[in-house]
Amino acid sequence: MKIVGTVEALSQWRAAGPDDVGFVPTMGGLHEGHLALVAMARARHPLVVASVYVNPLQFGPQEDFGAYPRTEAADAKKLEEAGVDVLFFPSDAEIYPRGRAQQTRVCVPGLSEDLCGRSRPGHFEGVTTVVARLFGLVRPRAAYFGKKDYQQWRLVQRMVADLGLGVEVVGRETVRAADGLAHSTRNQYLGPEARQKASGLYATLKAGAALACSGMAPTEVEKTCHERLGYLGFVPDYVAVRRASDLAVPAPEDQDLVILAAARLETTRLIDNLELSRPLRADGGSLQSPPKPG
Ligand code: PAF
């Protein structure tokens with residue numbers, strides 16, 4: 001595996017390389033979820049690039065930028081073993097050569113301010129800005145994102161469509177521990193008691209999905225899950241049932257939905273989600289929508 005730290009070295013490699021590159025952007029702290037993304041890219045492209053860059057632009061002033069796990073040597077070893085061809089491991093000066101304040105920003109309006117964007121202002125602008133920059137440098141045919149960060153995945157898809165970047169933005173199913181907890185770099189922050197409770201987030205989403213499929217109205221599902229999370233010891237931020245394709249509030253005829261939640265356990269903020277397909281009535285309405293007149 002070639003380790004590249006500068007934009008110039010990456011550009012030189014890129015200029016000589018083939019068209020079909022798969023890309024896995026990461027912030028390091030690698031776990032099984034990241035390695036599953038690499039495996040997917042590996043199976044689909046002759047060359048795989050991964051990046052490790054803890055992007056300061058996507059952390060709020062009170063967030064964990066300083067404490068975020070930085071495990072470069074272990075990450076490089078895992079990526080090499082997973083078959084990555086090039087690891088891009090840039091400094092801040094390579095990513096934001098004019099400084100952060102002068103960096104051209106990319107923002108997806110609306111969607112970036114909703115759900116996680118409500119409690120993390122500026123977070124998604126930081127994500128789309130760095131991902132756009134990385135896409136410009138790596139010029140991948142496809143890029144791989146974990147569906148655990150569902151809103152991020154949908155935002156990057158929107159950005160690519162709106163800007164015509166021509167990158168396929170693939171979402172991979174979430175990789176979970178045996179008790180259902182989604183793998184996340186931030187799981188390392190959980191103490192033993194919190195780690196035990198943490199599986200309650202996915203269990204709550206599964207219960208919520210079952211209620212939505214049995215015809216309960218989305219707002220009722222959200223309320224029920226919110227209460228259940230509180231009962232399990234979480235401080236819920238939100239539970240939302242949305243249309244899977246664009247995270248809009250679902251219309252009665254929408255079948256493919258996703259239930260998303262963010263909740264704190266002690267000081268750790270966890271997110272997770274579950275896609276679901278709810279049955280429609282024979283007349284085309286959803287089970288909870290009122291019957292059509294006539
Ligand atoms: O999901 C992440 O690790 C980050 O948000 C990403 C996509 C690498 C951008 O910094």
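We count ligands from 1, going down the list as the structure has it; atoms in each ligand are counted the same way. In this chain, numbering begins with 1 at the start of the sequence shown.
- Tested against R242 for a side chain to side chain contact (heavy atoms under 4.5 Å, CB included), the candidates L257, I259, D114 yield a single pass: D114.
- A cation-pi arrangement, defined by a distance under 6.0 Å to the six-membered ring centre and an angle within 45 degrees of its axis, is present between R176 and Y202.
- Every N/O-N/O distance between N55 and ligand 1 stays at or above 3.5 Å.
- If you look at V156 next to ligand 1, there are no close heavy atoms at all, none under 4.0 Å.
- The contact set between ligand 1 and T26, taken as ligand atoms under 4.0 Å from a residue heavy atom, comprises 8 (C).
- Inclusion of Q152 in the set of residues having an N or O under 3.5 Å from an N or O of ligand 1 is warranted.
- No single ILVMFWY cluster, assembled from side-chain heavy atoms under 4.5 Å apart, contains both L10 and M1.
- From the protein, the heavy atom lying nearest to atom 10 (O) of ligand 1 is Q58 OE1, 2.6 Å.
- Both tests hold for R70 against F65: distance to the six-membered ring centre under 6.0 Å, angle to the ring axis within 45°.
- Those atoms of ligand 1 that come under 4.0 Å of a heavy atom in V130, given as number and element, are 9 (C), 10 (O).
- Between Y144 and H45, the ring centre distance stays below 6.0 Å.
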